[in-house]
Q: 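Below are the structure tokens for one structure; questions will follow.
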Amino acid sequence: MQTDVMPSHIEPRRYPRRRTWIVAGAIAAIYFLLRLVTWEPPGIAVGLDISWIYALHESWLSGRVFGRDFVFTYGPYGFVNTEHFHANTFKVMWISQFSLFSVFVLGALQVFRRASARPWLCLLLLAAMVEGMALWWYDSVPYCFIVTAFLFHFFVVADDSPSKSPRLEALTEHGLAAGCALVSLIKFTFGLGAATVAFFVALDYCRRRKVPWPALTFVGAWVVLWMLAGQPIGAIPAYVRGSLEIANGYSEAMSLPGPGVETASYGVAAVLLLAILVASLWASRRRWTVIPAACFAVLLFLLFKAGFVRQQGHSRIAAATLLGSAIPICGLAWSRCASRVVRAGVVTTFACVCAFAWIVCVQQGGTGLPSVVWADLGIARRKVLEVVRRVRGNSHLLRDSEWLKGVHRAAHPLPPLDGTVDVYPTDLNLVLVNGLRYQPRPIPQSYSAYTPYLARLNADHLEGSGAPDYVLFTPEGIDGRLPSEEDGLSWPSLLTRYEDVGAVKPYRILKRRQTPLEVRWQQIDVQTIGRKSAVQLPPHEARALLWATFDVRLKFAGRLGAVFYKIPPLYVELTTSTGATGRFRLIPGVARTGFLISPLVLTADDFAAIASPGQAGGASPADVVSLKLVIERGDRWAFADEMRLEISRLEIHR
């Protein structure tokens, strides 16, 4: 006969009181909101990265339509994740971050609660997760937010064990779904990850014959946040089209090589982490484990692309996100699987993830993982002091920002310009620190106009009514590119619709003409070029403007590489009439669109010489007489052996 009386030699399991969890949760919320929210943002400066950051702030304030007026890797809420101060957007940025990270802490704490019934251990694990994310704040925090939403559904909501707080779990899941909507409007690649989680969560709900309310919350919150940003509903297709163009051309245009040991160690760590995830879910889900496994595999792939296409520096994104994600996954696997084999796998996986992060820290910064984490911990102290100053009313963000703006204005003075201004190719903040009226092109920095569609957007902008009155222009190419490749399709408009009216080093000041000059295009040569021999350009007089279009074709392996990883760099070697040679990186999308290949314009004075012939003093850019495609021996798998080259002449009638 069975009895409900527990034998005297067995002690009942003691669960922590609810009050203990409340205290632990409060401590977690206070600390991690101090740690994650921007309390001490840096002010305005001049440079490539800081310029696109402030362009995001300015686009929010001016109501520019994303996808039409502004096309970039970031969306309308991109400034939320930049951690830089702007007086007129700081409140929106701060409130958005506070809301986002409050939901993150709430969701992550409940995930860790499924790994351990000890509140203080959960708090310690959450701290380790956040400090792992600190290896790269910009992108790892949103990625880890998406991973937390994924883990919350499949380990908390969809778990078979009974829930003690069903209302809290439902509220948290919908909060995470709304947070994923905000994250997806920060950056398009975050949106791909958030949409992946929303899709597989909906699939799991449908598998259980339930309405996928969190996925609907994601879609509804996305639309509401889009409209709150001042974006019209009709602009959504253009936003998706432009963002896809940026994403599709990124591997060809922006790839940078890096240490192979980083890529290999990421692959090992990611595969092991996926295996541990599957092992922790297999006992309860069996064949339906394929749903979360497929979801996490896609997230790992997106993380791989984010960290290893432009590897130098960006591999820290993968290191921080993988380390932050491994802590809850390994904790859940350890608590759910008593098998010695699985637990040995958990230890091995976490060791491999830490080794990968250590390798990245050494390769990118020259110091080990502990030194990097210890240095990041010092940020928490400064943030606490900033909170104290803010509460006491002694914060000087606005004053310090204006002072810093004055410093950069003195270092980079510009003359007063009566009209709207844009800057080519990258340093947009020159306009802002000097108090001029900023009027950007759709792709705000020239290096990102790397597909025919994107290049055409910028070129059409110069021909429309929204073109700036003045352009500050200097030829400059990143990653070893030929300067005329950067917004190359816009150069004919700059030469015919603007006139050179002066200089402020290192820029030429171009003023919009009342009547554009007439330009005529004349095709003068078409030939097939290989990767071995040099090709002579057609005979031409000095300073004749020659336009080159390359039909860069990828082999099947190259197309696969562009989709799943990246393709190796392609180079063009130019020889001038003076006998000098130079090797420049050739971007396939830009090469297909075309660019000015002769004369060889490398400086602002060279550009002035072709913009105003006979008025540029001693400046005389060299003519290009021959070119040669350069493909390294180990990179021939990606490119076709022969390509079509078309040379045209631009005749400008002055």
Side-chain angles (χ1 to χ4, degrees), residues 38-62 64 72 78-79 82-91 93 138 379 382 385-386 389-390 394-441 444-447 468-478 483 486-487 494 498-512 602-608 611 616-617 619:
T38 299
W39 299 94
E40 191 184 15
I44 194 170
V46 174
L48 187 151
D49 286 331
I50 198 70
S51 288
W52 63 256
I53 287 173
Y54 273 90
L56 292 171
H57 287 271
E58 292 293 328
S59 295
W60 170 274
L61 294 172
S62 59
R64 294 189 177 92
F72 201 54
F79 68 96
T82 59
E83 297 187 344
H84 281 77
F85 178 77
H86 192 296
N88 297 322
T89 60
F90 183 67
K91 287 184 179 180
M93 182 178 75
Y138 278 124
I379 299 174
R382 294 198 299 272
L385 294 177
E386 178 60 27
R389 287 196 297 268
R390 188 172 295 278
N394 295 327
S395 181
H396 304 295
L397 285 175
L398 183 59
R399 185 199 66 185
D400 293 345
S401 179
E402 291 299 319
W403 173 83
L404 189 59
K405 187 183 295 185
V407 170
H408 289 290
R409 185 185 303 119
H412 307 279
L414 293 179
L417 298 175
D418 184 20
T420 55
V421 187
D422 197 2
V423 181
Y424 284 68
T426 57
D427 288 340
L428 316 176
N429 276 1
L430 287 174
V431 177
L432 301 178
V433 298
N434 283 276
L436 302 178
R437 293 165 56 194
Y438 176 47
Q439 178 64 29
R441 52 207 183 275
Q445 292 182 314
S446 297
Y447 63 84
D469 298 313
Y470 292 90
V471 169
L472 300 176
F473 183 85
T474 187
E476 186 179 78
I478 70 168
E486 308 286 59
D487 254 325
L494 291 171
Y498 289 82
E499 59 179 328
D500 191 312
V501 296
V504 52
K505 294 296 183 180
Y507 293 91
R508 302 299 302 188
I509 302 175
L510 308 180
K511 184 179 180 180
R512 194 176 186 186
L602 300 178
T603 67
D605 290 338
D606 291 341
F607 184 85

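Predicted model only: the values in this text are computed from it and were never measured.
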Q: Going from OG1 on T89 to CZ on F79, what distance comes out if it is rounded to the nearest 0.5 angstrom?
A: 5.5 Å
Q: Looking at Y424, is R441 sitting on its ring face, NZ or CZ under 6.0 Å from the six-membered ring centre and within 45 degrees of the normal?
A: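 Yes, cation above the ring, under 6.0 Å and within 45°.
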Q: Starting at CD1 of I509, measure out to CD of E499 and round the result to the nearest 0.5 Å.
A: 12.0 Å
Q: Do you know the tightest heavy-atom contact between D418 and Y470?
A: O-CE1, 3.6 Å
Q: I'd like to check T426 versus S446 (side-chain heavy atoms, cut-off strictly below 4.5 Å). Are they in contact?
A: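 SC-SC contact between T426 and S446 ruled out.
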Q: Heavy-atom distance under 4.5 Å between the side chains of D605 and K505, does that happen here?
A: yes
Q: Rounded to the nearest 0.5 Å, what's the gap from CG on N434 to CG on L472? Could you check?
A: 9.0 Å
Q: Under 30°, 30 to 60°, or over 60°: which ring-plane class applies to H57 and H86, parallel, tilted or perpendicular?
A: parallel
Q: For a side-chain contact (heavy atoms from CB on, under 4.5 Å) with Y438, tell me which candidate from N429, L430, D422, V423 qualifies.
A: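 Of N429, L430, D422, V423, side-chain contact (heavy atoms from CB on, under 4.5 Å) with Y438 is met by D422 alone.
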Q: For a quick test of reading the model, state the closest non-hydrogen atom pair linking T82 to M93 and the distance between them.
A: OG1-SD, 4.3 Å
Q: Return the minimal non-hydrogen interatomic distance between L414 and V504, and the atom names on each side.
A: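 Minimum heavy-atom contact is CD2-CG1, 3.8 Å.
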Q: Please check this pair: side chain of S59 against backbone of L56, looking for a donor-acceptor N/O pair closer than 3.5 Å.
A: no
Q: When you measure from the side chain of R409 to the backbone of V433, do you find a donor-acceptor pair of N or O atoms at a distance under 3.5 Å?
A: yes
Q: I'd like to know if the side chain of E486 reaches the main chain of I478, judged simply by a donor and an acceptor atom lying under 3.5 Å from each other, with no hydrogens or angles considered.
A: yes
Q: Given F473, which partner from the list Y498, Y507, F607 fulfils the ring pair (Phe, Tyr, Trp, His ring centres under 6.0 Å) test?
A: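 So, applying the ring pair (Phe, Tyr, Trp, His ring centres under 6.0 Å) to F473 and each of Y498, Y507, F607, only F607 qualifies.
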Q: Within a strict 4.5 Å, meaning less than it, do heavy atoms of the W52 and P444 side chains meet?
A: no
Q: Could R508 and D606 be called an ion pair, given the rule that one side-chain N must be under 4.0 Å from one carboxylate O?
A: no
Q: To the nearest 0.5 Å, what is the distance between NE2 on H408 and CD1 on I44?
A: 8.0 Å
Q: Determine the minimum heavy-atom distance between D427 and G47, stating which atoms define it.
A: OD1-C, 3.4 Å
Q: Is the F90 ring parallel, tilted or perpendicular to the F85 ring (thresholds 30°, 60°)?
A: tilted
Q: What are the two closest non-hydrogen atoms of P468 and V421, and how far apart are they?
A: CB-C, 4.2 Å
Q: State whether the side chain of T420 and the backbone N or O of D469 hold a donor-acceptor pair below 3.5 Å, judged by distance alone.
A: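 Indeed, once roles are kept as given, a pair shorter than 3.5 Å links the two residues.
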Q: Roughly how far apart are E58 CD and R64 CZ, rounded to 0.5 Å?
A: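 Answer for the CD-CZ pair, E58 versus R64, is 7.0 Å.
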Q: Please find the pair of heavy atoms, one from P483 and one from P475, that lie closest to each other, and give the distance.
A: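 Looks like CB-CB, 3.7 Å.
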